[in-house]
Amino acid sequence: MGTSDVLTLDRIRRDLQEFARLAEAPYDAAALDPVLEALENLWTTSVLGVRTTTHPVPQRRLNVRLMNSGSGVDPVTTLREAGLLEFTGHPMEQLLTDIPATVPVLFGVDVGVAHGVEKIWMLFPELISVERALAFPGIPDSARAHAPHLNRYGGEIAIMALDFANRTINLYSQVFAPGHLTPTDITTILTDLEFVPATTEELSILAPTFNIYRTFSWTSPQIQRICFPVRHQATTFPTHLAPELARFVSNAPYAGTAPRAFTFYTAYGPTTRYYKVQAEYTSAQHAPFPGGKAPQIN
């Protein structure tokens, strides 16, 4: 995986505090430490990424993502038994039961460094069709209503992320080659959804986007947000777009030994856009990716 031989919880804590300083985001050990300790064996052996946004500082957050935790690993049960993930009868909880019982799943966990567990990811080593994904009973009606859109732009589903903090779900398309989703496609998508349009510069930056994901809720018929990612080396990352991106990419701690990558995201909604950055904290060089296809680094 490319992690160093001395990756420990203490090192992860120190580095996450530095990430939070760089992002000008809050850090609360009381919220983070119980999750680190409950999943200690996963934090020190899995692929980790650290993410922030260009939201204004009062709203800006930092989270750490534990990805591709390994076949047969079940962090959900561990978190529930530790009292760190509460089930209250929401439909997303049924998805966490039904889907792993039906198709192969690799779990991931998103943890806010000031808030604790935020998302549970299900990564599909074998991609699943849009129709099969939407057939699970817990899926929101808003996602089913957008089946033609999901099939037209992206097709098969690679990842499903359940946001326990915001009660939403992200559906990630399969990984595709740069240029598969064209600037014209992105313009059409945003126009059809009546979202904020992409600028000419954004369309150029997003030309090699490697997938597309949408955010749905159980309380609205509309897509809440749509996001386009591009994987970069530090030297090619569009740091000129915001000083917080430049600061984060230039100074992000790294516990790996192989070359690292950063992912740039542009997220669009009905009234706003913002940027996100994820730094690989441990190398993803040998990580299993959904469908067995790694995104190209630009």
Side-chain angles (χ1 to χ4, degrees), residues 1 3 7-10 12-13 16 28-51 61 63-128 132-140 143 157-172 213 215-218 281-282 284 286-291:
M1 190 176 65
T3 54
L7 185 58
T8 64
L9 287 190
D10 283 342
I12 292 171
R13 289 187 184 97
L16 289 178
D28 184 354
L32 178 62
D33 282 357
V35 187
L36 292 179
E37 292 163 4
L39 301 177
E40 179 173 4
N41 62 318
L42 297 183
W43 290 115
T44 55
T45 58
S46 299
V47 178
L48 307 182
V50 183
R51 188 204 69 123
R61 299 290 181 264
N63 62 35
V64 55
R65 297 178 168 182
L66 182 158
M67 300 173 287
N68 303 329
S69 54
S71 178
V73 175
D74 178 15
V76 175
T77 298
T78 301
L79 292 169
R80 291 188 67 192
E81 290 176 348
L84 300 170
L85 181 67
E86 183 181 4
F87 277 19
T88 61
H90 192 279
M92 71 174 71
E93 298 156 13
Q94 184 177 4
L95 294 172
L96 281 178
T97 300
D98 292 351
I99 293 178
T102 307
V103 299
V105 164
L106 296 174
F107 282 106
V109 183
D110 265 19
V111 182
V113 301
H115 299 92
V117 177
E118 294 179 345
K119 293 189 186 80
I120 301 294
W121 292 30
M122 290 184 285
L123 299 87
F124 305 122
E126 301 169 13
L127 301 175
I128 61 176
R132 189 174 192 186
L134 298 182
F136 288 101
I139 291 288
I157 303 300
I159 302 172
M160 191 177 293
L162 303 171
D163 189 331
F164 277 76
N166 295 305
R167 295 299 198 230
T168 58
I169 179 172
N170 292 345
L171 296 179
Y172 294 71
Y213 75 84
T215 301
F216 299 94
S217 80
W218 283 262
Y281 176 62
T282 60
H286 301 296
F289 285 91

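- Proximity of a side-chain donor or acceptor of W121 to a complementary backbone N or O of L66 within less than 3.5 Å is not detected.
- The nearest pair of heavy atoms linking P100 to V105 is CA-CG2, 4.0 Å.
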Exercise. Checking side-chain contact (heavy atoms from CB on, under 4.5 Å) for the pair F124/M160: CA distance, chi angles, key distance, verdict?
Worked result: CA-CA 8 Å; F124 305 122; M160 191 177 293; 4.1 Å; yes
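- The minimum heavy-atom distance linking S46 with M67 is given by the pair CB-O, 3.8 Å.
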For this session: Applying side-chain contact (heavy atoms from CB on, under 4.5 Å), run through R132 and V103 and close with a yes or a no.
Result: CA-CA 10 Å; R132 189 174 192 186; V103 299; 3.5 Å; yes
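- The distance from the CG atom of L9 to the CG atom of L36 is 5.5 Å, given to the nearest 0.5 Å.
- Note: M92 CE to K119 NZ = 10.5 Å, rounded to the nearest 0.5 Å.
- Proximity of a side-chain donor or acceptor of T282 to a complementary backbone N or O of L48 within less than 3.5 Å is detected.
- Within the model, atoms CZ of F164 and CD of E93 stand 5.5 Å from one another, a figure rounded to the nearest 0.5 Å.
- A distance-only check finds no donor-acceptor pair linking the side chain of E37 to the backbone of P34 [under 3.5 Å].
- Within the model, atoms CZ of F289 and CD1 of I159 stand 9.0 Å from one another, a figure rounded to the nearest 0.5 Å.
- Within the 3.5 Å criterion, the main-chain N or O of V35 finds a donor-acceptor partner in the side chain of W43.
- Scanning all heavy atoms of the two residues, the minimum distance from L127 to P290 falls at CD2-C, 4.0 Å.
- How far CG of D163 is from OG of S217: 11.0 Å, rounded to the nearest 0.5 Å.
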For this session: For the pair Y281 and I12, evaluate side-chain contact (heavy atoms from CB on, under 4.5 Å) and give the outcome as yes or no after the intermediate values.
Result: CA-CA 9 Å; Y281 176 62; I12 292 171; 4.0 Å; yes
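- Contact check for V111 versus N63: no side-chain heavy atoms found under the 4.5 Å cut-off.
- Residues I120 and V76 approach most closely at CG2-CG2, 3.8 Å, considering heavy atoms.
- Here the closest heavy-atom approach between residue W218 and residue G138 is recorded as NE1-O, 2.8 Å.
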For this session: Test side-chain contact (heavy atoms from CB on, under 4.5 Å) on E86 and T88 and set out the steps.
Result: CA-CA 6 Å; E86 183 181 4; T88 61; 3.9 Å; yes
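- Atoms CZ and OG1, on F107 and T77 in that order, are 7.5 Å from each other to the nearest 0.5 Å.
- In terms of heavy atoms, F216 sits closest to P140 at CB-CG, 4.1 Å.
- Ion pair E40/R13 not flagged as a salt bridge, since none of the NZ, NE, NH1 or NH2 atoms sits closer than 4.0 Å to an Asp/Glu carboxylate oxygen.
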